[in-house]
Number of protein chains: 2
Amino acid sequence: MTRPTDAELAILNVLWNRGPCTVRQVTGELNRSRPTGYTTVLKLMQIMTGKKLVKRDEQSRAHVYRALHPREQMQRRLVKDLVRRAFGGSTMELLQQAISGGTASANDLMTMRRWISEQEKKS
Amino acid sequence: MTRPTDAELAILNVLWNRGPCTVRQVTGELNRSRPTGYTTVLKLMQIMTGKKLVKRDEQSRAHVYRALHPREQMQRRLVKDLVRRAFGGSTMELLQQAISGGTASANDLMTMRRWISEQEKKS
DNA sequence: CACAATATACGAAAGCATTCGTAATTATCA
DNA sequence: TGATAATTACGAATGCTTTCGTATATTGTG
């Protein structure tokens, strides 16, 4: 399966944040940051239905769309894809950059320690 | 500045790995994984020159191209971009997924601990 | 009922990414 | 020197993304 495009991902974010939405609701939300015409959003969501990125409920007159995959799953897919394309497939290289890159605060580093501990417990 | 496309990133990877290359060298390397015709690669690299992704040295008959930005800088840019588009701008959310996702081995987790310690020493 | 508002469907245009063919140029060497 | 090989330049086709206009259908309201 292929990555969602930028516009598609923006729409998925709305659906993940707000739950199932009509085209009008998504348009309203998108327009807070990215001005987009109503029929543009409609068309995109129709395409996304075809791609099985969203599912639509046609019960009410204004169809209600929901994201077909959970946000975390898509995030994992996108990270994996980026790791493959830009980090030679090594997730550890990405992590090293994030940790050693200097952008993490002392607090962030502590939080990461905790995550690591929790992860170690799991095995 | 805009993200490099998939094909462009594949070419950049070759240049980062092998250092400055001619079109023929890049084509040869690309063809280990992604069959691409010679003139296709040439055209892409010409476009990348226009986009200032690579710089070309026209001294020799076969022009020599090099990546204009270091790999780490581009990686940081791509991660930042993904974080913005798919993680609501929170790098920590991406990290949590990468750490808690369950793909890291016990060894990996130890290595991360070491990176964190080293990073903490720096402050 | 008739009209305005709102919805979906769909075609099409514009722009970009990717691909390749062909022409023109330059070097090699028999 | 003259044929061959290798290189660059460039146009163009194809397909995808994003955008919007318009036609058509449906709902609600005076």
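Being a predicted model, the structure only gives us computed values, none of them experimental. Note: hydrogens, waters and symmetry copies are ignored here, and every other heavy atom, side chains too, is used. Throughout, a chain's letter reflects where its sequence line sits, starting with A, and its residues are numbered from 1.
- In this structure, the CG atom of B/Leu30 is 12 Å from the P atom of C/dC20, given to the nearest Å.
- When only modelled atom types and interatomic distance are considered, A/Glu72 and B/Gln97 share no side-chain donor-acceptor pair under 3.5 Å.
- Summarising the geometry, the separation between CG on A/Leu44 and P on C/dT8 is reported as 14 Å, rounded to the nearest angstrom.
- What separates CE of A/Met45 from P of C/dC10 is a distance of 17 Å, to the nearest Å.
- In terms of phosphate contacts, A/Tyr38 brings no side-chain nitrogen or oxygen within less than 4.0 Å of OP1 or OP2 of C/dT6.
- There is a side-chain donor-acceptor pair under 3.5 Å between A/Arg113 and B/Ser117.
- Within residues 59-68 of chain A, the residues having any heavy atom closer than 4.0 Å to DNA chain C are, in order of number, A/Arg61, A/Ala62, A/His63.
- Side-chain N/O atoms of B/Lys43 include none lying less than 4.0 angstrom from OP1 or OP2 on C/dT22.
- To the nearest angstrom, P of C/dT25 lies 16 Å from CD of B/Glu58.
- To the nearest angstrom, P of C/dA17 lies 12 Å from CE of B/Met48.
- In this view, B/Leu82 and A/Leu78, A/Val79, A/Leu82, B/Arg85, B/Ala86, B/Phe87, B/Leu94 satisfy the side chain to side chain contact (heavy atoms under 4.5 Å, CB included) rule, not counting sequence neighbours.
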Report task. Any chance you could lay out the side chain to side chain contact (heavy atoms under 4.5 Å, CB included) test for B/Val64 and B/Ser60, step after step, and finish with the verdict? Result -> CA-CA 8 Å; B/Val64 175; B/Ser60 19; 3.9 Å; yes
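- Look at A/Arg56 and you'll find a side-chain N or O under 4.0 angstrom from OP1 or OP2 of C/dA9.
- Taking side-chain N and O atoms only, A/Gln46 has no distance below 4.0 Å to OP1 or OP2 of C/dC10.
- Note on A/Thr5: only backbone sugar-phosphate atoms sit closer than 4.0 angstrom, heavy atoms only; bases stay farther off.
- The span of DNA chain D lying next to chain B, judged by atoms under 4.0 Å from heavy atoms, is bounded 5' to 3' by D/dA6 to D/dA12.
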